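Structure, as structure tokens:
As the structure is a prediction and not an experimental result, all values here were calculated from the model.
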Amino acid sequence: MKFNLLIALVPHGKSDLISEAASKAGSFGGTVCSGRNISGGNFITALGLGEKQVDLIYILTEESSTQKIADAIIEISQNEKISFGTLYTLETNEMLKGQKIQGGKATMENKTEYELITIILNRGYAEDAMAAARKAGATGGTIINARGTAKEDDAKFFGMHIVPEKEMLQIVCDSKTKDAVMEAIKNLSCLKEPGSGIAWCTNVKDLTMLGKK
């Protein structure tokens with residue numbers, strides 16, 4: 001059995017709308033995270049006009065049900081404003097449910113049109129990473145507050161300074177832009193120290209804009 005992870009990004013307070021539509025279409029349930037969406041140029045962002053509170057809804061689905069659930073989310077969003085949000089799919093190799101591991105090897109080996117770049121770094125530096133990514137061609141991203149799990153003893157053992165407060169920055173960009181964005185992030189001064197951050201890329205399937213057409 002194969003699985004997919006549907007991720008919907010919508011305005012803050014609209015997660016119930018998405019979750020209920022997905023549930024009626026047969027989803028297992030979902031997880032909601034709050035974040036800040038940053039878009040627009042540097043001048044707009046500096047004025048605070050390019051940032052808004054958003055909800056991210058993570059919905060794990062069986063591959064056979066993914067399209068039905070996605071269609072339900074797209075349909076319910078038709079009643080909302082234009083550019084209401086985005087919906088995309090990540091392939092998931094395995095799922096642990098009821099103490100049983102289900103799934104198998106990854107099959108998504110070919111390049112896709114879009115990729116999700118996820119960066120975890122010390123709190124306060126996500127805006128710097130987004131600014132660098134935007135200069136490299138990214139159009140926007142979402143910042144989620146997080147925290148590290150490392151302890152002081154870990155810091156002593158590895159010889160590094162560990163900051164527990166983290167931020168996770170997620171950027172969906174086209175595959176042609178991905179390398180430039182990753183290179184720009186790699187060169188950030190806030191990531192020079194060991195243990196100060198990490199980034200990875202995931203292929204995105206079926207990116208859809210939600211809202212009125």
*Calculate, to the nearest 0.5 Å, the distance between atoms OG1 and CD1 belonging to T139 and I171 respectively.*
9.0 Å
*Can you sort out the partners of E20 under side-chain contact (heavy atoms from CB on, under 4.5 Å), two or more places apart, ordered by chain and number?*
D16
*Excluding sequence neighbours, so at least two apart, what forms side-chain hydrogen bond (donor to acceptor under 3.5 Å, both in side chains) with T177?*
D174
_side-chain contact (heavy atoms from CB on, under 4.5 Å) assessment of T89 paired with L5_ = CA-CA 6 Å; T89 308; L5 180 65; over 6 Å; no
*For the atom pair CD1 (I18) and CD1 (I59), what is the distance rounded to the nearest 0.5 Å?*
7.5 Å
*Note, E80 side chain near L17 side chain (heavy atom, < 4.5 Å)*: yes
_Show the nearest heavy-atom pair for residues Y58 and C33, with the distance to one decimal._
CE1-SG, 3.9 Å
*Using side-chain contact (heavy atoms from CB on, under 4.5 Å) as the criterion, list what pairs up with S34, not counting sequence neighbours.*
H12, D55
*Determine the minimum heavy-atom distance between G141 and N37, stating which atoms define it.*
O-OD1, 3.0 Å
*Check A129 against L169 and note the closest heavy-atom contact, atom names and distance.*
CB-CD2, 3.8 Å
*Those residues that, when tested against S77, pass side-chain hydrogen bond (donor to acceptor under 3.5 Å, both in side chains) (two or more places apart)*: none
*Taking only residues two or more places apart in sequence, or in another chain, which ones meet D71 in a side-chain hydrogen bond (donor to acceptor under 3.5 Å, both in side chains)?*
Q67
_Heavy-atom pair of closest approach, residues A136 and A184_ = CB-CB, 4.0 Å
*For C201, all residues meeting side-chain contact (heavy atoms from CB on, under 4.5 Å), sequence neighbours excluded*: E115, I117, K178, M182
*Answer yes or no: is there a side-chain heavy-atom contact under 4.5 Å between K52 and R36?*
no
_Quick check: closest heavy atoms across A138 and M130, and the distance to 0.1 Å?_
CB-CE, 4.2 Å
*asked:* My understanding is that only residues two or more places apart in sequence, or in another chain, count here; which of them pass side-chain contact (heavy atoms from CB on, under 4.5 Å) with E75?
replied: none
Can you list, pair by pair, the side-chain donor-acceptor contacts under 3.5 Å of residues 81-88, counting residues two or more places apart and other chains?
none

_Nearest-0.5 Å distance, CD1 of residue I120 to CD of residue E167_ = 11.5 Å
*Within a strict 4.5 Å, meaning less than it, do heavy atoms of the I143 and E127 side chains meet?*
yes
*Just jot down the salt bridge (charged side-chain N to carboxylate O under 4.0 Å, His left out) partners of K176, sequence neighbours excluded, or say none.*
none
_The criterion is side-chain hydrogen bond (donor to acceptor under 3.5 Å, both in side chains); which residues satisfy it with S27, sequence neighbours excluded?_
none
_Quick one, N145 and R123 - any side-chain contact, counting heavy atoms below 4.5 Å?_
yes
*Contact summary for S15 and V10, nearest pair of heavy atoms*: N-CG2, 4.2 Å
